[in-house]
Each structure stands twice: as C-alpha cells, then as structure tokens.
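Just below is one structure, and these are the notes that go with it.
Predicted model only: the values in this text are computed from it and were never measured. Residue numbers begin at 1 in each chain, while the letters A, B, ... track the order of the sequences.
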Amino acid sequence: MGQIRIENLSKEYVDRRRQKRSPTSPKTHGRRVRVLDGIHLEFDAGEMVCILGPSGCGKSTMLRIIAGFEQPTAGAVWVDDRRLNRPSPDHIFVFQHSGLLPWMTVSQNVELGIRHMEDEKEKAALIQEFVEMVELEGFENHYPYQLSGGMQRRAELARALAVNPEMMIMDEPFSGLDFLTHMKMREEVVNMHQLIGKTILLVTHDIDDALIMGDRVVVLGGRPANVKLDQRLDFSHPRNFEKDEELGRLREEVFLMLGVSYAV
Amino acid sequence: MRSSKNNWILSSLSFLLLLILWELSAKFSGWNEHVFPGPLQVLKGMMELSSDGTLFRHSVASLYRVTAGFYLAVVLGIPLGILMGRWSWMRMIVNPMIQFLRPISPLAWIPLAMLWFGIGDKPAIFLIFLSSFFPLVVSTTVAVGSINPVFFQVARNFNFSRWETISRIVVPAITPSVITALRITITIAWLVVVAAEMIAVQSGLGYLILDSRNALRMDYVMDGMIIIGFIGLLLDGFMRKLGHIEAALWRTMGRRVG
Ligand SMILES: Nc1ncnc2c1ncn2[C@@H]1O[C@H](COP(=O)(O)OP(=O)(O)OP(=O)(O)O)[C@@H](O)[C@H]1O
Ligand SMILES: [Mg+2]
C-alpha cells in the first residue's frame with residue numbers, strides 16, 4: 001500500500017500584475033509563468049524523501065499540489081491507483097510558518113485530527129500520548145504564543161501524528177529555529193520516522209538535513225523547475241560525513257549542483 | 001509605582017484647576033447664573049435631578065435604546081459580515097447597497113424613522129441600529145478577508161465541515177478585530193442616541209437636555225452632558241474589558257512575543 005507516483009506534473013501561474021502594467025497588449029490574459037515542468041518521481045510507502053532546491057524554484061508549490069490545496073496545470077499525483085486531488089487527513093501538511101491555530105491550546109490543536117472519536121477517554125489518552133511523544137507534557141493548556149518556536153513545531157508534529165496519516169508533507173519544518181533546536185528536531189524527526197514508518201515528504205533549504213535524514217534525496221532546479229537529482233540514500237543512522245565517504249562525496253556534488261562551491 | 005501615583009495627583013490637580021477656572025469665569029462672565037452656571041450650581045442641580053429619580057429614569061431610557069439598537073446591529077451585522085467575507089457572490093450582491101447607505105448619516109433618517117415608527121422608542125432604536133449596523137458589517141467583512149489563508153488550508157486538511165470552518169476558524173480569528181469594532185461602534189451609537197432623543201421621544205438624556213433648555217435651566221443641561229460623558233466612558237471601559245477576554249488574547253499576546 002502507498003506507492004506514490006508523481007506523473008508529468010506541471011504548474012503554471014497567471015501573472016495578473018503584469019497584465020495591468022502592459023498597455024501594449026491589453027487583451028492578453030496575463031503572462032503565464034511556468035513554475036514546475038514535467039516533474040516525474042516515484043516513492044515507496046514509508047520512505048522519507050527530502051527535497052532540495054534553490055529558493056523560489058517551486059518546492060512549496062509542488063507540496064501544495066501533492067497536498068491537494070492547488071490543482072496542477074498538467075499531470076497528476078497517484079497513491080497506488082487512487083488519484084490525489086483534494087486535501088484529506090490521510091496526508092497532513094506541516095506548514096512552512098506555523099500552522100497551529102493560535103486561538104487553540106496545544107491539546108485542542110492536537111485534537112483537531114481526531115475530534116470525531118467517540119470515546120472521550122480514548123481520545124484524551126491519544127492526545128496525551130502524542131503530546132508526550134514530542135515532549136510537551138505540562139504545556140497541554142498553553143496557547144501557541146506561549147511556546148517557543150521549536151515547541152510550536154513539535155506541537156504541530158504531534159497534531160499531524162495524532163491523525164495517523166498515510167503521509168506527512170513538511171515544508172521547511174526547521175526554518176527559523178536556532179542551531180541546537182534544529183539539530184534536535186532533525187534527530188526527533190528521524191527517530192519518529194523510524195518508529196512509525198510513515199511516508200514523509202520534507203522540503204528543506206539545508207543540504208545536510210536532506211543527506212542525514214532522507215531515504216531519498218531529490219534536487220529540483222531550473223526555471224521552470226524539474227528533477228535534477230533523484231538519489232536513494234542507503235546509509236545507516238546515525239550518519240556522518242566523515243564516516244561515510246560516499247555520503248561526503250554526494251554532499252559535495254549536491255552543493256555544486258545548487259551552485260555553491262565555496263562551502264564545501 | 002511612584003510615578004503612577006504622581007500622575008494621579010497631577011491629574012486631580014489639573015481637574016481641580018479646571019473647576020476653579022470654571023467657577024471664576026461663571027462668576028465674572030456677566031451672564032446670568034441660569035445661562036452660564038458654575039460647578040457648584042451644576043452640582044446642586046445634579047442633586048435635585050437625582051433625588052427625585054429623574055436622572056436615573058432618563059439614563060435608563062437612553063441605555064435601553066442604545067442596548068436594543070446595538071444588539072440588533074450585532075445580531076444581524078456580524079453574521080452578514082461573515083457571509084460577505086466568506087462568499088464573494090454574497091459580497092457582490094450586498095456590498096453595493098451597504099456602500100451606498102453607509103455614508104448617509106443616521107440623523108438624515110430621522111424624518112423617515114418618525115414616519116415609519118411613530119413616536120416612542122422605536123424610531124430611536126432604528127437610528128441606533130443604522131448607526132451601528134453598517135460599521136459592524138464592513139469591519140467584519142474586512143476582518144474575515146484578512147484571515148491568514150493557512151488557517152483555511154488547515155481546515156481543509158483536517159476535513160472541516162462548512163460549519164466547523166465558520167465556528168472554529170472564522171469566528172475565533174475575527175474576534176479581536178470585531179471587539180475593536182464593537183468598541184468604536186458603541187461610541188457612535190451613544191452619540192446618536194442623544195441626538196435621536198431630541199426629536200422623537202419624551203424621555204432619555206437627550207430629551208432631558210432639550211427640555212431643560214426650554215425651561216432655561218442650563219445647570220440641568222450641563223448635568224445631562226456630564227452624565228452622557230460619564231456613561232460613555234463606562235461603555236467604553238466595558239468594551240475594553242471585553243478585549244481582555246481569553247478569546248481575544250491570542251492576537252495581542254502573539255504580537256508581543258513574536
Ligand atoms: N499563487 C501564486 N501566484 C503566482 N505565482 C506564484 C504563486 N505561488 C507561487 N508563485 C511563484 O512560483 C514560484 C515558486 O514558489 P514557491 O513558493 O513554490 O517556491 P519555493 O521553492 O517554496 O521557495 P522557498 O524555498 O523560498 O520557500 C515563485 O517564483 C513564485 O513567485
Ligand atoms: Mg517554500
């Protein structure tokens with residue numbers, strides 16, 4: 001169950017701003033800007049897929065289409081033989097900036113995905129279980145504004161996990177965190193993935209994130225964007241660039257691919 | 001602590017100075033004490049008016065009208081604002097009408113209000129309603145339109161029904177701005193009730209002022225004004241309290257932290 005196929009996926013946006021500004025061609029319906037161009041990818045169920053790419057290349061756009069928030073211009077996303085085209089609790093999105101509802105406490109947020117459960121006791125126990133999993137016990141009745149950035153991310157993770165989704169779609173879940181929290185969250189997500197084995201699509205800016213966490217790394221690039229690299233990573237955890245020479249070489253390759261030769 | 005105490009003393013001193021200046025200018029203005037009464041005269045008038053219950057009766061009459069009209073405006077205006085904010089076809093149908101009626105002063109409706117509703121509470125309540133309804137509809141619509149779209153994506157992701165999206169996303173998200181709008185609107189309503197009572201009714205603080213003027217009792221006129229100001233302050237204070245309820249805190253607190 002759960003093989004994901006992204007087939008020939010393309011997305012165009014209509015640039016409406018430009019339409020008003022060009023009096024020379026008043027009748028055009030705005031310039032169409034192609035963001036994604038014929039993306040083709042296949043993942044197995046339970047894989048952790050890390051997606052890299054320069055800023056503005058269309059990573060968030062691709063995730064939004066997979067989540068069903070937006071429709072592709074061409075192509076489709078399939079899970080086995082079922083087409084994904086609308087949002088569903090089966091694939092939970094973790095937002096680039098916080099997606100917690102600020103007027104709800106941590107436990108109310110975690111409850112969102114299981115709010116229809118009939119047995120109140122069972123539901124409360126489940127909420128407690130996931131709050132504890134992300135180490136937020138004691139903060140159940142806190143509002144998001146009372147939490148630090150890292151705690152907010154963990155609360156959102158707990159909310160996603162509580163639904164027991166087939167797939168989690170995470171858009172830069174570590175952005176805006178300090179270095180230490182970033183490292184800890186990285187570890188937590190890896191542990192969580194090994195524990196529950198969900199399919200995870202994770203977009204990140206951080207090449208090391210992708211190479212250390214992923215079962216597979218995908219690099220998008222170009223304008224419009226397509227797949228520049230799609231590589232399985234069969235290294236055991238915990239990973240280390242010194243220990244795994246091959247991983248170190250791959251890291252250099254990805255850095256160069258993203259146009260950076262200095263950091264290597 | 002000390003500086004706030006000092007502030008308090010300073011405020012009372014300046015208020016006292018104002019009273020003294022008032023008394024002096026009343027004494028030496030050359031006007032009759034019925035035309036320009038001093039604070040002592042006004043205080044005496046206040047005693048007279050409160051001892052026989054007149055002041056209380058008029059205040060209650062005004063408050064009743066404001067409450068009724070304002071309540072109607074809230075009950076109809078906020079849901080309409082939510083509908084308009086959520087569904088563009090609704091906006092397209094209703095908005096032109098709202099935008100056209102909105103700039104017409106409620107006082108311009110007085111002749112129609114009297115013709116339609118006769119004499120008594122009803123025309124005044126209708127005017128209060130008009131003065132509060134349009135601002136509330138407009139600010140609610142704007143508040144709904146500025147909700148962070150991420151919240152609606154969360155709602156879709158977790159399979160919210162249409163009703164859940166309204167009750168668990170839209171309503172809590174707009175609560176802080178709606179409370180601000182309520183606070184501004186009740187002030188407008190309170191301004192309008194006094195004007196409305198000068199025309200169509202035989203009670204209320206507006207009527208008290210008009211009636212006292214006809215009797216050439218400027219001390220009573222001033223008493224009416226003072227009570228109007230005082231109740232206005234109370235209403236605003238009450239609305240400000242509303243801004244501190246838990247449901248509205250997420251935004252102000254969130255801003256302070258983030
Ligand atoms: N709703 C939209 N209308 C028009 N253009 C859009 C829209 N959303 C995104 N774009 C364009 O699509 C491109 C890709 O945007 P996207 O947010 O997917 O990039 P990204 O790879 O996630 O960038 P970042 O790493 O900075 O988050 C951008 O050039 C952006 O201008
Ligand atoms: Mg993005």
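Heavy atoms of B:Ala173 lying under 4.5 Å from chain A belong to its backbone as well as its side chain. For A:Phe95, the part lying near chain B is the side chain, with the backbone staying farther off; criterion is any non-hydrogen pair under 4.5 Å. With a threshold of 4.5 angstrom between heavy atoms, B:Phe160 approaches chain A through its backbone and through its side chain. A:His116 touches chain B through its side chain: at least one heavy atom from C-beta onward sits under 4.5 Å away, while N, CA, C and O do not.
Within the 4.5 Å cutoff, no side-chain heavy atoms of B:Phe126 are placed close to those of B:Leu112. Using a 4.5 Å heavy-atom cutoff, the side chains of A:Val33 and A:Glu12 are not in contact. In this structure, A:Met168 and A:Met192 have side chains that are in contact, with non-hydrogen atoms separated by less than 4.5 Å. Residues A:Ile127 and A:Val131 are in side-chain contact: their nearest non-hydrogen atoms beyond the backbone lie under 4.5 Å apart. Put simply, the side chain of B:Met198 does not reach to within 4.5 Å of the side chain of B:Tyr207, judged on heavy atoms.
Among the residues in residues 60-88 of chain B, none has a non-hydrogen atom closer than 4.5 angstrom to a non-hydrogen atom of chain A.
Atoms CZ and CG, from A:Arg5 and A:Leu41 in turn, are 12.5 Å apart once rounded to the nearest 0.5 Å.
Between A:Glu118 and A:Lys123 no salt bridge is recorded (no basic side-chain N to carboxylate O distance below 4.0 Å).
Looking only at distances, a side-chain donor or acceptor of A:Arg154 sits under 3.5 Å from a matching main-chain atom of A:Val134.
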